[in-house]
2 protein chains.
Amino acid sequence: MQDSVQKISFKAQQLKFREDAILDAVNHLLARKGFDLMTMDEVAAEVGIAKASLYKHFASKEALASASMARLIDRAIAVVHEMPGTLSPLDKLKGLVRWAVTSHLANTMPLLPSTRSSIQQTLTNYPPYMEKVGRLIEALGLWIEQAQANGSLSASLPGEVILYTIFARSCDPVADFLKLGGAFSDHEIVEILVKTCFDGMTRDKSAS
Amino acid sequence: MQDSVQKISFKAQQLKFREDAILDAVNHLLARKGFDLMTMDEVAAEVGIAKASLYKHFASKEALASASMARLIDRAIAVVHEMPGTLSPLDKLKGLVRWAVTSHLANTMPLLPSTRSSIQQTLTNYPPYMEKVGRLIEALGLWIEQAQANGSLSASLPGEVILYTIFARSCDPVADFLKLGGAFSDHEIVEILVKTCFDGMTRDKSAS
DNA sequence: GTCTATAAAATGATAGAC
DNA sequence: GTCTATCATTTTATAGAC
């Protein structure tokens, strides 16, 4: 009996391992090409299995992308929870933007906020994804309120504007352009985007 | 002889009119769906002609999109040239962002700055487009230098960062999100994006 | 130049053997 | 569950009549 239980557990582990490998490939392709240009042939090739095998794990291309996106939101939530509690609310928000832009530059950030992708509607109709997004928004909304209360973020700006502006940094083409230009390191690009996102471009950086 | 000349001129005019109608449809579809999701069938349907007729005017889908994008840059250059000379350099730059975001909200702004679109490489290899982009960048670079010189834009920020940041507003998903939310008018959305782009989110708007 | 019809290729998804 | 082979559909592009 114990053998049987261990065997099942081992098989389940193997399954999860394989599905994680598939989602890794999907995440990478979503980051580089987006949903519409990603093909199932490419996914299969990057994982190193036959295309038909993909469909034994995920019912469709949409299901594949949805699972990958849900995992991404889980990771964002993990980043939020692991943010040092000693930081100010503003610095926590900046830390999230740093993570998002860094992931973007490393080709591990799917370009989610594009309302133009055909996957967007599928995602909004996928409860597991929306539930996770809701939890993420809740945590960030708290930080935003706190930052507005202590005067480090403009109190006259609607909270949703701040939220969307932060989200949008994860797909900001400015990072790609600066990387293409080659004049800046990835770290410099990240700091530039954080600075322009929060401080704008009209005043010079004050000593931190 | 005069009849013949007029006839040719008239035919040429008709041709241009038809091709402008085609480019209008392409521009609209590029703005709503992007290059990869736009199909030649849709273009033909929106213009109201047969798909094969499209290929009598433009050699390929890429040629169609390139011509549309070249026309867009021409319009941007026109906006730049029509900007009132009495405005400060900073206000001229803000005026361009206003035009870009307004066009975006009106579905007349193709999402050009995405390095993820498959049309990007075609465009960079299309000299007429690149030449126009170069002229646009030149004019904006001058305004940026002037704004930095008079202290209205941060002098410590590399000019190309400012340039790309301004360009990127034309495809900013924040505008789409705010429109989807329904809490703001188009004009309010435009002003929000202009403000966060230039002033950031860390200080309240000062009286203008 | 416009049309209908069709070729040629890409791609999401499935059948069926093992 | 993995594979090979194949289907069904979409989509870019062209042929050929008028």
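Quick note on labels: first sequence line is chain A, next is B, and so on, each numbered from 1.
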Next on the checklist: Under a 4.0 Å threshold between the charged nitrogen and the carboxylate oxygen, would D36(B) count as salt-bridged to K61(B)?
Outcome noted: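 Not counted as a salt bridge, because no side-chain N and carboxylate O are separated by less than 4.0 Å.
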Checklist entry - Taking 4.0 angstrom as the limit, do R71(A) and D24(A) come out as a salt bridge? => result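 Yes, this pair counts.
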Next on the checklist: Whether S53(B) contacts dG1(C) is assessed here as follows: a side-chain N or O lying under 4.0 Å from the phosphate OP1 or OP2. Is that the case?
Outcome noted: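 The answer is no; no side-chain N or O of S53(B) sits under 4.0 Å from OP1 or OP2.
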Whole-Å gap separating [atom2] ([N]) and [atom1] ([X]):
{"X": "L54(B)", "N": "dG1(C)", "atom1": "CG", "atom2": "C1'", "value": "12 Å"}
{"X": "K11(A)", "N": "dT2(D)", "atom1": "NZ", "atom2": "P", "value": "11 Å"}
{"X": "E42(A)", "N": "dT11(C)", "atom1": "CD", "atom2": "P", "value": "7 Å"}
{"X": "Q14(A)", "N": "dT2(D)", "atom1": "CD", "atom2": "P", "value": "10 Å"}
{"X": "L37(A)", "N": "dT11(D)", "atom1": "CG", "atom2": "C1'", "value": "14 Å"}
{"X": "H57(A)", "N": "dG1(D)", "atom1": "NE2", "atom2": "P", "value": "7 Å"}

Next on the checklist: For V101(B) versus R169(B), what's the shortest heavy-atom pair and its separation?
Outcome noted: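 Where V101(B) meets R169(B) most closely, the heavy atoms are CG2-O, 3.8 Å.
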Checklist entry - Less than 4.5 Å apart, any side-chain heavy atom of L178(A) and any of V174(A)? => result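 Touching, per the 4.5 Å side-chain cut-off.
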Checklist entry - Does a side-chain heavy-atom distance below 4.5 Å link H187(B) with T102(B)? => result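 They are not in contact (no side-chain heavy atoms under 4.5 Å apart), so the answer is no.
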Item to check | salt bridge (Lys or Arg N to Asp or Glu O under 4.0 Å) contacts in which one or both residues fall within residues 75-87 of chain B, not counting sequence neighbours | outcome: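 Not a single pair qualifies under salt bridge (Lys or Arg N to Asp or Glu O under 4.0 Å).
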Next on the checklist: Side chain of I49(A), heavy atoms from C-beta onward: which of dC3(C), dC3(D), dT2(D) has the nearest atom to it?
Outcome noted: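 My answer, after comparing the listed nucleotides, is dC3(D).
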Between the protein and nucleotides 12-18 of chain D, list the N/O to N/O atom pairs that are separated by less than 3.5 angstrom.
unit_1, atom_1, unit_2, atom_2, d
dT12(D), OP1, M38(B), O, 3.4
dT12(D), OP1, K61(B), NZ, 3.1
dT12(D), OP2, M40(B), N, 2.9
dA13(D), OP2, Y55(B), OH, 3.1
dA13(D), OP2, K61(B), N, 2.9
dA13(D), N6, K51(B), NZ, 3.2

